[in-house]
Protein chains: 2
Amino acid sequence: MRAAKPQYDVFQAIADPTRRELLKLLADRELPVTAISVRFPMSRTAVSKHLRVLSEAGLVKGRKSGREMRYRLEPEPLLELKRWLAYYERFWANKLAALQRYVETKDDAAGGEEEQSGANF
Amino acid sequence: MRAAKPQYDVFQAIADPTRRELLKLLADRELPVTAISVRFPMSRTAVSKHLRVLSEAGLVKGRKSGREMRYRLEPEPLLELKRWLAYYERFWANKLAALQRYVETKDDAAGGEEEQSGANF
DNA sequence: ATTATGCGAAACCATTTGGTTTCATATCGC
DNA sequence: GCGATATGAAACCAAATGGTTTCGCATAAT
C-alpha cells in the first residue's frame, strides 16, 4: 500500500507548531477548511498549505463533501514516531532509575550499571 | 543566569535526518566532532552546525576535552516528545491494534528509517 | 618555538519554507 | 441561470535552513 514516496515525512510535518495545532484540532473532529482556518492567525490558503503537508505525511485525510473539504486526523504515521522514540527510552530509563534508587533509599537494586557519564541527578 | 531561550525545540531538532543520525550515533558513545563528521557526507563545519542545533534543543551536550569537543546524547528533551505523542495514543488505540502489534514485534531498533541523503555507512 | 590539529564563527550561497494575494473552478442557494 | 461560497493552484516574497569556504584561536605534538 505504500504508494508514491511522500515528500514530507512525519518528522518534518510535526516540526511546525501550526501543524501540531492542526493535528490537535482535528483529533476528534472532522472539519472543513474554512472552519479550521478561522481559528488561526493566517489566511485560509496558508492553512490549506499546512493541511497539504500533513496530508502528504499521512497525518490527515480530507474527504470532499459537497463544495467543502473535510479533514480529520489520521494517526497511523505517529507510530513511526513512537517507534523511533522507543529506541531512546533505555537512555533516559537509566537516569530515571538512578533517580528512583536515590529517592527510594531501599536495598533492592542489584547491580549498579552506572556509566561514566557523570551523574546529572 | 538562566540560559537564553533556545531557538530550536525538540520537534525542529529531530526533523532533519542528519540530526536524527547524530542522535543515534551519540546515544551510547561520546565522540569529538571530527570523529563524528567523518561519518557524514558533508563538511565538519556542517556537522558542527547540526550539533549546535541539537545542543540548543538540549538533546546533546558537549564537553571540552583538551582541544576537542566531545558530544553525547542528552535524552531528557525526548520526554516532551513522548508526552506529546501520548496524547494521540487513544486515537490509534481503537482502530490500529493490528498495526501496533506489527510495529511492536520489530521494535528492537530505531534504525529502520534513516535514509540519509546519498551515503550509507 | 614552531607546526599541526580540532573546533567554531563568519560570510556567503542556493533552496526550502511559511506566508501573502490573486485567480479558476466547483458547488450551493435562490 | 446567477450570484455567493469553498477550495486549491499559481505567482510571488522574505526569512529560515542546510550547505560551503575561509579564517582565527586554543591546544597538542615535535
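A, B, ... follow the sequence lines: proteins, then strands. Residue 1 opens every chain. Worth knowing before you read on, the calculation uses all heavy atoms, side chains too, and leaves out hydrogens, waters and symmetry mates.
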At less than 4.0 Å, is any side-chain N or O atom of Y71(B) found next to OP1 or OP2 of dG6(C)? Yes or no. no
A35(B) versus L31(B), closest heavy-atom pair with distance: CB-CD2, 4.4 Å
Whole angstrom value for the distance that separates C1' of dG8(C) from CD1 of I36(B): 14 Å
OP1 or OP2 of dG8(D) less than 4.0 angstrom from a side-chain nitrogen or oxygen of S48(A), does that happen here? yes
Touch check for T34(B), heavy atoms < 4.0 angstrom, all strands: base, sugar-phosphate only, or nothing? sugar-phosphate
From the list K64(A), R63(A), R29(A), side-chain contact (heavy atoms from CB on, under 4.5 Å) partner of R70(A) resolves to R63(A)
Can you name the nearest heavy-atom pair linking R19(A) to Q12(A), along with the distance? NH2-O, 3.2 Å
In whole Å, what is the span from the CD atom of E56(A) to the C1' atom of dT16(C)? 14 Å
Give a yes/no answer on whether the side chain of Y8(B) brings an N or O atom under 4.0 Å of OP1 or OP2 in dT17(D). yes
Can you tell me the distance, in whole Å, between the NE2 atom of H50(A) and the C1' atom of dG19(C)? 8 Å
Electrostatic pair E74(B)-R72(B), nearest N-O below 4.0 angstrom: yes
From C-beta outward on T45(B), which listed nucleotide comes closest to its side chain: dT22(C), dC7(C), dT22(D)? dT22(D)
Phosphate contact (dT20(D) OP1 or OP2) by S43(B) side-chain N/O below 4.0 Å: yes
To the nearest angstrom, how far is R70(B) atom CZ from dG6(C) atom P? 12 Å
Closest heavy-atom pair and its distance - R20(B), I14(B): NH1-O, 2.7 Å
In whole angstroms, the gap separating C1' of dA16(D) from CD of Q12(B) amounts to 10 Å
Does anything in residues 13-26 of chain A reach DNA chain C, meaning a heavy atom under 4.0 Å, and if so which residues? D16(A), R19(A)
In this structure, CZ of R39(A) is separated from CD of E21(A) (nearest 0.5 Å) by 10.0 Å
Once each nucleotide of nucleotides 23-30 of chain D is scored for protein heavy atoms under 4.0 Å, what B/S/- sequence comes out, 5' to 3'? ---SBSS-
Which atoms form the tightest heavy-atom contact between A57(A) and P77(A), and what is the distance? O-CG, 3.4 Å
Could you grab the distance from atom OH of Y87(B) to atom CG of L78(A), nearest 0.5 Å is fine? 12.0 Å
Could you grab the distance from atom CG of L25(B) to atom OH of Y71(B), nearest 0.5 Å is fine? 13.5 Å
For F40(B) and dG18(D), what is the distance between atoms CZ and P respectively, to the nearest whole Å? 14 Å
Could you check whether the side chain of K49(A) and the base of dG8(D) have a donor-acceptor pair of N or O atoms closer than 3.5 Å, going by distance alone? no
Taking all heavy atoms of L59(B) and all of A13(B), pick out the closest pair and write down the distance. CD1-CB, 3.8 Å
Nearest whole angstrom, please: distance from the C1' of dT17(D) to the CE of M42(B). 12 Å
Nearest-Å distance, CZ (F11(B)) to P (dT17(D))? 16 Å
Let me know, please, whether E68(A) or V47(A) comes out on the 5' side of the other along DNA chain C by nearest nucleotide. V47(A)
